[in-house]
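Quick notes on the structure that follows.
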Amino acid sequence: MQRYFDESLRELLTEIRSSRNEANRAGEGARSEKRLSTSVSDNIADVSNNVVSGSVSAAVEAAERDLIRKPLSGQAVANVESLIHASKVLEKLSILPLVNEPMEAREGFEGFLLQTYYDGDRGVVAVKLYDDRSGRIGVYFDTTGYKPYFLTDIPPDKLQEIPQVVKHKGFDHVEVVEKFDLLRWQKKRVTKIVVKTPDVVKQLRDKVPRAWEANIKFHHNYIYDFGLTPGLRYRVSSGRLELVGGDVSEEAEQFIRKVFSGEDESIVETAIRWFPLFEQPPPKPRRLAVDIEVYTPFKGRVPDASAASYPIISVAFASDDGLRVVFILARPGVVGGEPREGVKEGVHIEIFDDERALILETFRLIANYPIVLTFNGDNFDFPYLYNRALKLGIPKDVIPFKPTRSYMSLKYGIHIDLYQFFSIKAIQSYAFGNAYKEFTLDAIASALLGEHKVEIESTVSDLSLLELVRYNIRDAELTLKLTSFNRDLVWKLIVLLARISRLPIEDVTRSQVSAWIKSLLYWEHRRRGYLIPSRDEIIKLKGEVKSEALIKGKKYQGAIVLDPPSGVFFRVVVLDFASLYPSIIKKWNLSYETVNPVYCPGSKIVEVPDVGHKVCMSNPGLTAQIVGLLRDYRVKIYKKKAKDKSLPEDVRAWYDTVQAAMKVYINASYGVFGASSFPLYAPPVAESVTAIGRYTIKETVKKAAELGLRVLYGDTDSLFIWNPDEEKLEELQKYVEENFGLDLEVDKVYKFVTFSGLKKNYIGAYEDGSVDVKGMVAKKRNTPEFLKKEFSEILNLLGSVNSPEEFVKVRNHIREKLRTVYTGLRELDYNLDELAIRMALNKPLDAYTKNTPQHVKAARQLARMGVQVLPGDVISFVKVKGKEGVKPVQLARLAEVDVDKYVETMKSVFEQFLAAINMSWDEVIGSSRLELFLRKNS
DNA sequence: GCGGACTGCTTACCT
DNA sequence: ACAGGTAAGCAGTCCGCG
């Protein structure tokens, strides 16, 4: 590997430059006043005031002809051995066109539905389909004459009296349609106002007193009206999209009927209809990850993508078909770097002496992949490339992206920005169990892949070319791996989320879980001919809550937390109600139309405990059906299939992803009804869920007491039982099943639990010595690293304890350990990084107006130094002596650290734990103070 | 003018 | 913009105090 660069790269660069001269001559035509040899040195100085002239596009054409179409001529390949690999790659690439508008999907075209969008030029909805046989994307342009519309209750003749509507130039026509009004449980005739373009809906919806379904994106409406499911296979047939492979076999249908036996027929019918979503194998389009690096003279500041003032110095690509390429810009005064910097084998490096050529090559690659991955491409890489290209005179139609309202979309393929995807809170918490806490490539890759970014001393602008290559390619590889690890887990998850939500891929990867649930519910409303209620009418009819939240500013009361004791308890069984809230929604038939119903057809009404809402049980509520279906599918079918050893491993992995996708949905299903931003916001629904939850756990605690079980603690849906009798436990489970129709499962068994006496705060140790630490200060991000380290060492001591007797010994160990740490701290045996407190900035600096927390103080000091600080940034600071009290790590010295403050922090970290083992800080540290005093004065 | 009691703001956690 | 509940640290304020 080391012999790759046995020549000095610098020498090589000279060669490249001259060989490029030939190839570039045509491309330089437009800038004839500047010879290529000077353009290299001008690269940095000249770009910021580059003016786009008319002759440039001719130059681009020429460059395309001479340079781009024959990339091997004048190609700088940095080593001989990789040339063989590289030429194979490039051979493949060199036949690819620069601009790649997808071909039209005509009659008979078959492919997976990836994306719908509005094609403004043609004025129709367009659908991107991925054909897995050719590996190409085709676009189906709607031929049914589908137009944008919204609904109102004004009859057509009365509508004629509103000229602003019917005389509007975008107005097309009206139709009368019949819908079912779930909220009022009656048929309703509404007027459909059909218009020419989507923007007209926005202009006209306020011109009528009441409008429905006027806030749905045109290309989403298309999906709902045609009953499409993104992620499934379709064929263009008789000018329409026809589902392929959506049939459910007789055998499968019988199986589903058995699983859902006893349910209402409408639920069984939906269950059968959904089956292909979980069973059809996912498409596997080729994926390309792209990452760019930009020169900037300002350290600690992210280059401004809208200005794009400085050159793109490197672009790295990694694809799942094995491509590893870095395009790098030769810059005057920047050395090649040492061979031993260790660029991995198989990475093909191309050195460009012209930034424009580099960008054009980049575009050509991007334009040829059906899926392009970035990390923050929406807000940085793609806008930068876009604006930089324009600045360098590259015409728009050569650029493979088009900016949409909220993100960067691709002309040919699909752009997935993984920063957006991993920032989705439901993904972070439900799919990955909060494994990562910050939304940076490094944090996410470390947590999920166990791999890191390449560490660099200062900024990318200061790196040698080889260091830059190494850094850049790692980012691209990590980005790719984030979708491919664990048998393409993330890609499959995205496909499944698209199928369940019915949102296109570019939409589902950029929206929060509330948008997914909204979309799924809209789709089902449309399918069943229900009018989608407006937010206002739901609030008017269902706005009232009956409980008061314990937390100021919240809308209604939530879960209960039992008061835990303090102390150590051996053999603790933790029971929990399986999917408590979703199960409640299903069992109690909770839905916006069933809670406090306007009309309950069979008058079968039950009352919610505590809050007294009335629930109509006569017909299955819509949201109860959907949530219940996902829950049952997950529990009764896919959790089992995921563990079925008789299935091949990759099939099991798929089913595991299926159940994970369902988990994300059902976990969020309660919360959205309590979120005022949700279009189907129904506070009494959310309030009923938590009230029933409280009722259920309280009754279960009562029963447990009757059975002689000792309940130590419980939070929302869990009960900690001390050394229970097996039979009594089973009896309790039976009681819960019979009385509430819920599953009370044994979640875990702890060898022992140490409770501090505080809620949401305990350590549970398993038989094998591993431990769960919950809520303790030692676990929090804003606790200095040295304390976390020392704490985890104490945890190791603790995990080894097997009996109450052994605790005595461990207590002594712990006491000694703490004393050592204490004296070490007094003598400042730690460095600044170990002492740093990390805290996130949740708002822009100037939004902290009420007071100035310490991390904001530190951040303001950084800002004064010219370092950019943005919301989401985690500030590392240390506590120091002096007026401000804090300093960012970068600016602090060890000598100014305020040791007393750190002793306080140490005390609070360990007191929580000492409380559990019945020790006090003073008894542990008291004598240490004396010892330290004596030692210092001896 | 200072310190303790208190409230409110902010963050990070748990379910 | 999925929810509420708990804990901690600190900033800022009020009040008492001859």
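Order of the sequence lines fixes the chain letters, A, B, ..., with proteins taken first and strands second; residue numbering starts at 1 for each chain.
Nearer the 5' end of DNA chain B, as judged by each residue's closest nucleotide, is the contact made by A847(A), out of K780(A) and A847(A). Between Q854(A) and S669(A), the residue anchored nearer the 5' end of DNA chain C, judged by the nucleotide with its closest heavy atom, is S669(A).
Atom pair F720(A):CZ and dT15(B):C1' shows a separation of 10 Å (rounding to whole Å applied). Summarising the geometry, the separation between CD1 on I875(A) and P on dA12(B) is reported as 11 Å, rounded to the nearest angstrom. Atoms CD1 (I424(A)) and C1' (dA1(C)) sit 13 Å apart, rounded to a whole Å. Atom CD in Q428(A) sits roughly 13 Å away from atom P in dC14(B) (whole-Å rounding). Straight-line distance from the CG atom of N851(A) to the P atom of dT10(B): 6 Å, rounded to whole Å. Atom CG in L520(A) sits about 15 Å away from atom C1' in dC2(C), given to the nearest Å.
An OP1 or OP2 oxygen of dA1(C) is reached within less than 4.0 angstrom by no side-chain nitrogen or oxygen of S677(A). For dT11(B), one of the phosphate oxygens OP1 or OP2 lies less than 4.0 angstrom from a side-chain nitrogen or oxygen of H855(A). Within the 4.0 Å cut-off from OP1 or OP2 of dC9(B), not a single side-chain nitrogen or oxygen of K843(A) is found. Using a 4.0 Å cut-off, some side-chain N or O of K759(A) falls inside it from OP1 or OP2 of dT6(C). An OP1 or OP2 oxygen of dA11(C) is reached within less than 4.0 angstrom by a side-chain nitrogen or oxygen of K857(A). For K425(A) and dA3(C), the shortest distance from a side-chain N or O to OP1 or OP2 is not below 4.0 Å. Look at N842(A) and you'll find a side-chain N or O under 4.0 angstrom from OP1 or OP2 of dT11(B). Applying the 4.0 Å criterion to OP1 and OP2 of dC10(C), one finds that K879(A) has a side-chain N or O inside that range.
V874(A) pairs with exactly one of M839(A), H855(A), K437(A), R838(A) by the side chain to side chain contact (heavy atoms under 4.5 Å, CB included) rule, that one being R838(A).
For the residue pair S547(A) / E687(A), a side-chain donor-acceptor distance below 3.5 Å is found, with atom types taken as modelled.
Between H525(A) and Y522(A), the ring-plane angle classifies as perpendicular under the 30° and 60° cut-offs.
Taken to the nearest 0.5 Å, the CD atom of E834(A) stands 8.5 Å off from the CD atom of E790(A).
For Y430(A) and dC2(C), a side-chain-to-base donor-acceptor distance below 3.5 Å is present, hydrogens and geometry of angles not being considered.
Under a cutoff of 6.0 Å and an axis angle of 45°, K843(A) and Y848(A) form a cation-pi pair.
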